[in-house]
**Student:** 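Pasting a structure below so you can have a look.
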Protein chains: 2
Amino acid sequence: MTADSLTKALAAAETHCVERGEKLTPVRKRVLELVLEADGPVKAYDLLEALKPGPGSAKPPTVYRALDFLMTAGLVHKVEALNAFVGCSHAHDDGGAELFICSTCGSVEERHGAPEPVNAPAGFMIQRSVVEHFGQCANCRPA
Amino acid sequence: MTADSLTKALAAAETHCVERGEKLTPVRKRVLELVLEADGPVKAYDLLEALKPGPGSAKPPTVYRALDFLMTAGLVHKVEALNAFVGCSHAHDDGGAELFICSTCGSVEERHGAPEPVNAPAGFMIQRSVVEHFGQCANCRPA
DNA sequence: GAGGCGAATGTTATAATATCACGCCTCTAG
DNA sequence: CTAGAGGCGTGATATTATAACATTCGCCTC
């Protein structure tokens, strides 16, 4: 992500939060910035490292609280199979995203509106879906 | 799962392993039994507790190695979003399963043959998919 | 049977991920 | 003012997972 589009994404995120009646505080904004800057999924403890130029500050709860907030706001997704997090420049309040993660270069593509599974057991009411596909993206795909 | 169908499932698992040229050793069999006995997803450290009636034995690597084996054999699936494991009485070598997990009663339904997502980015070659749906099963669904 | 190989397991330690509990600060409504 | 809520700092700890090395056992060969 370029510096320019990063700035725009942060501004959009701020707007998005305000519309929801929530605050994008400095800590939260900084975490979002770090996640968006990354090329691929980021680990919580890498964020933690990045957050502490100063000595004592930035303990685990700091980053986990920020990530919880950002996930609830739809600005960040957790990649469950990696215990890592990816940013989402175009915030969306619908819970579900479908992730395509390249195992080679680490890039993540996000899609929305995955069709309801036709296979669902009768009467099952889906509240939250985790859909993550791992493989090779077009660039990394072997010839 | 009834005691009877558990016995049958273990026998089937044994056959399945032999066909693959692998051994369902006592530790592996015991872990599979514990996973199948459980009503829902089981945590690795709960298995660990269950494995040690005796004193010293059963350290984390024991259960993780057994689980790795069983997952590779397709006898057990990991629920990534819960860091837990579910058994699969009908072994299948195709990697992918679609899981429907009831957040209320913990029951897990498994389906196969989820259609390839139509949304995949151009040229993306999927190697492994994680598909987990959380919600309420027909029994637990509020009226 | 002796020796050696490989797979599986035992054992010790530690890494990596995540949460709890408590207290302080700041803002704001009343 | 003051009381409550939200956000954050801080220390401790819980939970999940792996690394590294030693040991055992079956099997094959000589």
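Predicted model, so just to flag it, every value in this text is computed and none were measured. Quick note on labels: first sequence line is chain A, next is B, and so on, each numbered from 1.
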**Student:** Under the salt bridge (charged side-chain N to carboxylate O under 4.0 Å, His left out) test, which residues partner A:K8, sequence neighbours left out?
**Tutor:** A:D4
**Student:** Starting at atom NZ of B:K52, determine the distance to atom P of C:dG10, rounded to an integer number of angstrom.
**Tutor:** 13 Å
**Student:** Could you tell me how far apart B:L48 (CG) and C:dG10 (P) are, to the nearest whole angstrom?
**Tutor:** 12 Å
**Student:** Round to the nearest Å and state the distance from A:R20 atom CZ to D:dG6 atom P.
**Tutor:** 15 Å
**Student:** Per the salt bridge (Lys or Arg N to Asp or Glu O under 4.0 Å) rule, what does the pair list look like for residues 30-42 of chain A, sequence neighbours excluded?
**Tutor:** A:R30-A:E33
**Student:** Using a 4.5 Å cut-off on heavy atoms from C-beta on, say whether the side chain of A:R20 contacts that of A:T72.
**Tutor:** yes
**Student:** Name all residues meeting the side-chain hydrogen bond (donor to acceptor under 3.5 Å, both in side chains) criterion together with A:S103; count only those two or more places apart in sequence or in a different chain, and write none if there are none.
**Tutor:** none
**Student:** Rounded to whole Å, please give me the gap between CG in A:L67 and P in C:dA18.
**Tutor:** 9 Å
**Student:** With sequence neighbours excluded, tell me which residues meet side-chain hydrogen bond (donor to acceptor under 3.5 Å, both in side chains) with A:E49.
**Tutor:** none
**Student:** Listed by chain and number, what are the side chain to side chain contact (heavy atoms under 4.5 Å, CB included) partners of B:A9, not counting sequence neighbours?
**Tutor:** B:L36, B:S89
**Student:** For A:S107, what residues pass the side-chain hydrogen bond (donor to acceptor under 3.5 Å, both in side chains) criterion, not counting sequence neighbours?
**Tutor:** none
**Student:** If the condition is side chain to side chain contact (heavy atoms under 4.5 Å, CB included), which residues does B:K78 pass it with, not counting sequence neighbours?
**Tutor:** B:M71, B:E80, B:N83, B:F85
**Student:** Hey, is the main chain of A:L82 close enough, under 3.5 Å, to the side chain of A:K43 for a donor-acceptor pair?
**Tutor:** yes
**Student:** Give the rounded distance in Å between these two atoms: CD of A:E22 and P of D:dC8.
**Tutor:** 12 Å
**Student:** Once side chain to side chain contact (heavy atoms under 4.5 Å, CB included) is applied, do any residues pair with B:S5, and if so which ones, sequence neighbours excluded?
**Tutor:** B:M1, B:T2
**Student:** What one-letter contact string describes nucleotides 13-21 of chain D from 5' to 3', where B marks a base within less than 4.0 Å of any protein heavy atom, S marks contact via sugar-phosphate atoms alone, and - marks no contact?
**Tutor:** ---BBBB--
**Student:** Sequence neighbours left out, what passes side chain to side chain contact (heavy atoms under 4.5 Å, CB included) with B:P121? Give chain and number order.
**Tutor:** A:F100, A:E109, A:R111, B:F124
**Student:** Under 4.0 Å, heavy atom to any atom of DNA chain C: which of residues 26-38 of chain B qualify?
**Tutor:** B:V27, B:R28
**Student:** Does C:dT9 have its OP1 or OP2 closer than 4.0 Å to a side-chain nitrogen or oxygen of B:T62?
**Tutor:** no
**Student:** Are any protein N/O atoms closer than 3.5 Å to N/O atoms in nucleotides 23-30 of chain C? If there are, list each pair with its distance.
**Tutor:**
none

